[in-house]
2 protein chains.
Amino acid sequence: MTVRRLSVYFRCLAHLEEDGVKTISSQELAARFHLNSAQVRKDLAYFGEFGIRGIGYDTAVLRAEIQRILGLDREWRVVLVGFGNLGSALFHYRGFARQGFRIAAIVDDDAAKIGRSVNGLVIEALAELPRVVKSQAIQIGVVAVPAEAAQGVADRLIAAGVRAILNFAPSRVKVPKDVRLQNVDLSIELENLSFHLGQGAR
Amino acid sequence: MTVRRLSVYFRCLAHLEEDGVKTISSQELAARFHLNSAQVRKDLAYFGEFGIRGIGYDTAVLRAEIQRILGLDREWRVVLVGFGNLGSALFHYRGFARQGFRIAAIVDDDAAKIGRSVNGLVIEALAELPRVVKSQAIQIGVVAVPAEAAQGVADRLIAAGVRAILNFAPSRVKVPKDVRLQNVDLSIELENLSFHLGQGAR
DNA sequence: TAGATTGTTAATCGATTAACAATC
DNA sequence: TAGATTGTTAATCGATTAACAATC
């Protein structure tokens with residue numbers, strides 16, 4: 001939960017820095033997100049002493065610290081598996097690059113797509129995964145295939161040596177404990193929205 | 001938080017029902033998600049008495065109850081704003097229809113796209129939003145436009161009369177209190193993944 | 001020094017879990 | 001009736017908030 005809040009602080013600080021704001025207090029930061037100032041201080045203090053008593057936090061310093069804590073100061077090398085609508089959307093999504101996620105390879109199992117070049121990157125065959133992961137020093141596999149194919153793709157990614165899987169397929173996949181799995185599950189968001197809309201109607 | 005867990009129970013129960021499992025205990029259900037059985041019972045009891053003492057829960061009955069609670073037994077009418085990569089991916093995403101989200105209209109401000117027909121649905125001009133929302137009885141607006149355009153689109157959707165906004169743009173938008181806003185923020189998921197991968201490396 | 005704001009300890013609150021009477 | 005499992009109350013735990021000494 002703290003990590004999610006750190007993400008939020010980070011984006012806010014980046015904006016403040018752009019706007020030329022030099023320092024900010026936990027009070028001001030908290031007000032922007034309807035949080036308690038003690039919570040903001042505690043979240044930050046957990047990772048170190050970044051503030052100056054009587055002054056607040058140096059915007060640029062704190063932004064850089066959070067960036068480092070979140071691992072946003074380094075690049076992660078990613079293979080995108082599946083170049084259908086979703087895969088294509090993710091490939092063109094700017095946010096990926098902005099967060100340091102560099103799509104270093106694309107694979108698909110559709111013969112019609114293999115060999116096609118997008119932005120200078122050639123789509124490779126799914127069977128080439130082990131070679132691609134190794135030669136491109138890839139750490140993360142992004143699963144953008146239909147639900148039925150997700151587990152199989154995840155297994156192949158892990159066998160090929162990725163350390164983490166970002167799963168966009170609308171299905172849960174199982175991974176060993178030493179592999180980090182992050183699901184981006186649209187269904188849960190839709191159900192959440194549906195629930196709250198339904199409540200409002202009553 | 002309970003709603004998120006209900007979503008998970010729902011999917012599990014749907015599977016169990018397909019597999020012909022007639023009843024399930026809170027114990028068994030909890031075991032599947034590494035939860036406490038008391039928590040499962042409490043989550044369910046919050047909405048009514050669905051279980052049978054000494055037996056457990058009737059899979060089909062509980063599935064139907066949760067479906068109703070989550071509002072998944074009815075249809076929500078949706079307008080998709082933006083038919084770029086992301087919009088197109090969302091349009092073809094089966095999960096939408098599966099959860100009862102019926103894309104009843106598509107709008108875009110790109111003249112090259114307006115008038116194009118996808119699966120029998122004609123892409124309309126953004127300016128037509130008020131008419132489209134009214135004539136199609138639309139309740140939810142899905143924002144799939146670039147970050148810079150998101151707030152403007154949200155404002156127009158609200159003015160046109162939608163009750164909820166599902167925002168996929170990588171930017172926070174502000175909405176009045178009576179409009180339900182659900183952000184699907186990929187950045188936070190990426191930062192979460194990045195953080196945990198970074199920790200593992202230390 | 002006076003005013004402000006941090007980092008942190010103690011108090012509070014809410015959510016999770018254990019325990020058990022009710023009951024199938 | 002005996003065994004099992006619910007719904008719910010009471011106990012525990014963790015996260016949030018208030019308060020304040022430290023210090024810029």
Apply side-chain contact (heavy atoms from CB on, under 4.5 Å) to the pair B:F10 and B:R63, showing each step before the final yes or no. CA-CA 6 Å; B:F10 171 68; B:R63 198 263 308 135; 3.6 Å; yes
Hey, mind stepping through B:Y9 and B:L35 against side-chain contact (heavy atoms from CB on, under 4.5 Å) and telling me if it holds? CA-CA 11 Å; B:Y9 301 155; B:L35 292 175; 3.7 Å; yes
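Residues A:E75 and A:Q139 approach most closely at O-OE1, 4.1 Å, considering heavy atoms. The two residues B:R172 and B:I188 make their nearest non-hydrogen contact at NH2-CD1, 3.8 Å. Across every non-hydrogen atom of B:F96 and B:L90, the tightest pair is CD1-O, 3.4 Å.
The stretch residues 40-62 of chain B touches DNA chain D through B:R41, B:K42, B:E49, B:F50, B:G51, B:I52, B:R53, B:G54, B:I55, B:G56, B:Y57, each having a heavy atom within less than 4.0 Å of the strand. Taking every heavy atom of residues 5-24 of chain B and every atom of DNA chain C, pairs under 4.0 Å involve B:R5, by number.
A straight line from CD of B:Q39 to P of C:dG14 spans 17 Å, rounded to a whole angstrom. As rounded to whole Å, 18 Å separates atom C1' of C:dT16 from atom CZ of B:F33. When the C1' atom of C:dT17 is taken as reference, atom CD of B:Q27 falls 13 Å away, rounded to whole Å. Atom CG in A:N36 sits about 14 Å away from atom C1' in C:dT5, given to the nearest Å.
Between B:F47 and A:F195, the ring planes lie perpendicular to each other; the angle is over 60°, past the 30° to 60° tilted range. Using cut-offs of 30° and 60° on the angle between ring planes, the pair B:F83 and B:F91 is perpendicular.
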Applying the Watson-Crick and G-U criteria (both distances under 3.5 angstrom) with [ ] for crossing and | for other-strand pairs, one obtains for DNA chain C ..||||||||||||||||||||||
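A 6.0 Å sphere centred on CZ of A:R4 holds more than 12 heavy atoms belonging to other residues, nucleotides or ligands. Within a 6.0 Å radius of CD in B:Q136, more than 12 heavy atoms belonging to other residues, nucleotides or ligands are found.
Of all nucleotides listed (D:dT5, C:dT6, D:dT17), C:dT6 comes nearest to the side chain of A:S25.
Counting heavy atoms from C-beta outward, A:Q99 and B:S194 have side chains that stay 4.5 Å or more apart.
Counting only distance, with no hydrogens or angles, the side chain of B:E28 and the backbone of B:S25 share a donor-acceptor pair below 3.5 Å.
Contact annotation for B:S26: backbone-only contact, meaning every heavy-atom pair under 4.0 Å involves sugar-phosphate atoms and none involves a base.
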